[in-house]
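Here is the structure we will look at, set down as structure tokens.
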Amino acid sequence: MKDIAQYALQAMKKAGADKASVQAGQDRVEEFNVEANKFTLLRTLFNDTLSLKVLKDGKKGTTSINKLDKESIDKAVEDCVALALQGEADPAEDIAPLATNKDFDQTIGGFDAAKLFSRSKEYLEQVKDEFPLVMTEGMTAKFTAGNRTYANSNGVEFNNKSEYYEVGSTFQANEGEKTSSFNYYYHNLANLDTPIIDMGMKRTLLDEAVRSLNPRMFDGKHVGKVIVTPACADMLWYTLFGCFLDDFSMIQGTSRWKDELGKKVVSDKLTMRTSPLNPLIVGGERFTSDGFESADNDIIKNGVLSSFALSLYAANKTGKPRALNTGYSLEVLPGDMALADMLKGVDKGILINRFSGASPGPSGDVSGVVKNSFLIENGKVSDALVETMVSFNIVDALNNIVGISKETNADGFSVLPWVCLDGITMSGAK
Amino acid sequence: MLQDLLSIHKPNFKDYTELRAQVNTSQQVTLLTGNMTANNQSATGGVAARVYKGGTFGFASAAAYNADSVANVVKAATDNAVFMDTHVKKGLEPLPSYPGNRVDLQTPHFGAVDQLLLIDAAKQLDELVQKQCPNLSSRTIVSNVLNMEKLLVVSDGADMRFFQPRAMMYLIMTAETKDGDQVELFKALGGFGRFDEQFGDVSKYLDEVNALYEHLMAKREGIFADPGMKKCVLHPDLAGMLAHEAIGHTVEADLVLGGSVAGPNLNKQVASEIVNMTDFAHTAFGETCPLPVYVDDEGVTAEDAVLIENGILKGYMHNRDSARQFGVKPQGNARAFAFNDEPLIRMRNTVILPGKDKLEDMIASVDDGYYLIKTGNGQADATGEFMFGVDLSYEIKGGKIGKAIRETTISGVAFDMLKTVDMISDDMVWEVSGFCGKKQPMTCSMGGPALRCDMTIGGR
């Protein structure tokens, strides 16, 4: 892969690029598929990728293809240089400077087809035995082996060989004409030592699917506490990135945190990082697409905004520091409250496992329907909810953190605790 | 254009086999408040085979497209089918036969357009916005082309050569409210066809730009919705999304087999009697649909799928395997997005059919409710419970349009909500800008007339 990357790099320089970078990769995917509780398909994919970036007179062109033969690379280089010549000069465009080149090895010993099949089969049988009302609507159990190289004209070169398993399913419970909301759970794995049903929150969510067959609507309107579980990461954490932290909101200037670096923006109980090097993250990023070695990055530390999630381009554009990784591998540090105590502190509220909401605008106003979620009454989890909405402003909510659990859930993508928030508006649909 | 390296293998197919070569090419230019943040071309292609044996499939794909790689993927897919048959042991009969006639290029093939066209169009639209729309806090213009070319050979069915071009421009405007919040609106322009034909003269979109800006200025002064169950008029844009998300997905046969609420409701009343809904294959109302499908990726000749007729749920959308399980004929809904994707049951051109009412009469008939115009996103559940984010809406007071509403959501249970539909406008609008997500992305078109119904609104 290094040879292919260097060939493309030299070709871009020869074609007139002032600066250039290339990412070349090959991966193989083996994937078992299940539909409606039954195996349906085995897929084998041989994927190639080549992404080129040319800077010419400050103008950028980018091209991506999925071929690695010389003829295709030559054509892609030609196209990429032509795009750059047609582009607009922007002094913020750049590539990473030379640092220490490295090779990374995240392999795990290769693909064990028989083990992945038997673990998948075992899972379906265990669900059938323990949760006979649960239907696995879809499931994929896959293995990916990849080899990827980044190189640029400043002399940077990184290579990463990686292997990992990923198991995910979508499921719901059915009884007669009753259907629960679907739910899903995905897990990245470095080995197949643990039965799938025992991974992370899987068994809990299967049990909750069955308990959701007889839901009721939230009574009236109430402003109070909710507990957001690790299964509902998108409602809070990824919303922060989209509204306030990423390239788009910062270059647009719509982020309300654009001038808040180093200032307290949320409750001091919250520390949020992106941690690709955390051992609980499987196959974490080792180098960024703009050519830097990845490192863990504090976004919010004890409530203070420590970093945005900016690429090199956005950092140059906004004059703010570049993030130390691309922003995956989310980690929220645990707090000092036991989950059981957190529940006891809620007189009337909701345990939120999934959220179906509108993409929040730049204001951070969030509203939508809670799914696979349960009423909390007098400190105890009670009935499943249906047609129940919550609404809040995400900054206000994160300034009203009641507590963060000691317990965390690691799914190979992220490491997250349970979080109790106050001041959330809850309402039944009617 | 893709060279045919596939047909030579057809005589050797033993079990049911699909062999598909495909290239998706895309071009994109993004201007983020005048800064060109994307200037990109990509091409992703290769060859894939899928083989059926005893009730399960084997699939394999390779990025390289040459004689060796084609032979290799056929072998690998066959090996995978044997592995599954041996290990899963379903022991089912071969799939039913659906012979068909080869279909060649209903749309003429063309290559990538000059990137300068995308750049110039983006700049022109950006200039138009700057000129017409003062006091914006930001603006984003995207020029986008996605062309999909496929060559399909199947052991049993219709072989095809297929080309589907889509050219879009996206416009996002943001403005600051007096209390310092940001409000945003989005407009998609374009659809099926060549970029240069649709955006050679961007000034023809002046009315759309002005209308979006007027809505944004109204939204800047907007209020938050009063939450609860309300009488609503849904603009055709939103009704199309409703047809797709809240109803369409629940009647995809794989989701029905997976336990969706549509399973127990076949041939039952699921909507008021004035509601009719069809997933059109390629032609609707005497015209070619926005994303026509003539043969699907299982080689099934595409036909319209009638989903709801006079309020009765009449059928589901199928692939070959689900059609076998339900004992019906597939109608061409098996589609794959990329060369290395297996065909899944997907919607094509899904529409709630127009009724007899006039939109202005529908609005005038609402004493206290909302006119819901534009949705940013939406999701639906196996239960039929749905949620849409609503970016653009107005209150209706005394039969007249009132103040704009800030971001809100609507939700409900599809079959309950459809039973409250009591007026349907006599016009309709197609929407073709986005991607449907279901393991793979997919281009789909959707459409509908305006609907009057009861809907749950979210507030603050």
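Per chain, numbering begins at 1; letters A, B, ... match sequence-line order. Owing to the predicted nature of the structure, the values given are computational and were not obtained by experimental measurement.
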For the residue pair [Y] / [X], report whether a side-chain donor-acceptor contact shorter than 3.5 Å exists.
| X | Y | answer |
| --- | --- | --- |
| A:Ser373 | A:Asn353 | no |
| B:Gln182 | A:Ser363 | no |
| A:Ser311 | A:Asp247 | yes |
| A:Thr63 | A:Asp79 | no |
| A:Gln86 | B:Asn39 | no |
| B:Thr30 | B:Thr37 | no |

Output the option from [options] having the highest count of non-hydrogen pairs under 4.5 Å with chain A.
| options | value |
| --- | --- |
| B:Arg50, B:Lys123, B:Gln28 | B:Lys123 |
| B:Ala48, B:Ser61, B:Ala64 | B:Ser61 |
| B:Val261, B:Thr140, B:Ile119, B:Thr33 | B:Thr140 |
| B:Met387, B:Gln115, B:Met36, B:Lys90 | B:Met387 |
| B:Thr25, B:Leu32, B:Val88 | B:Leu32 |

At a heavy-atom separation under 4.5 Å, does [X] approach chain B through its side chain, its backbone, both, or neither?
| X | result |
| --- | --- |
| A:Gln172 | side chain |
| A:Phe171 | neither |
| A:Lys67 | side chain |
| A:Gln26 | neither |
| A:Gln252 | both |

With a 4.5 angstrom heavy-atom cut-off, which part of [X] approaches chain A: side chain, backbone, both or neither?
| X | answer |
| --- | --- |
| B:Ser260 | backbone |
| B:Lys230 | neither |
| B:Thr174 | side chain |
| B:Asp341 | both |
| B:Tyr52 | neither |
| B:Asp391 | neither |
| B:Ala382 | both |

Please lay out, stage by stage, how B:Asn72 and B:Ser69 fare under the test side chain to side chain donor-acceptor pair (under 3.5 Å).
-> CA-CA 5 Å; B:Asn72 288 340; B:Ser69 68; over 6 Å; no
Could you tell me whether A:Lys317 and A:Asp90 make a salt bridge, using a distance below 4.0 angstrom between a side-chain N and a carboxylate O?
-> yes
Parallel under 30°, tilted from 30 to 60°, perpendicular over 60°: which one fits the rings of A:Phe117 and B:His87?
-> perpendicular
Establish, yes or no, whether the cationic atom of A:Arg354 lies under 6.0 Å from the six-membered ring centre of A:Tyr184 and within 45° of the ring axis.
-> no
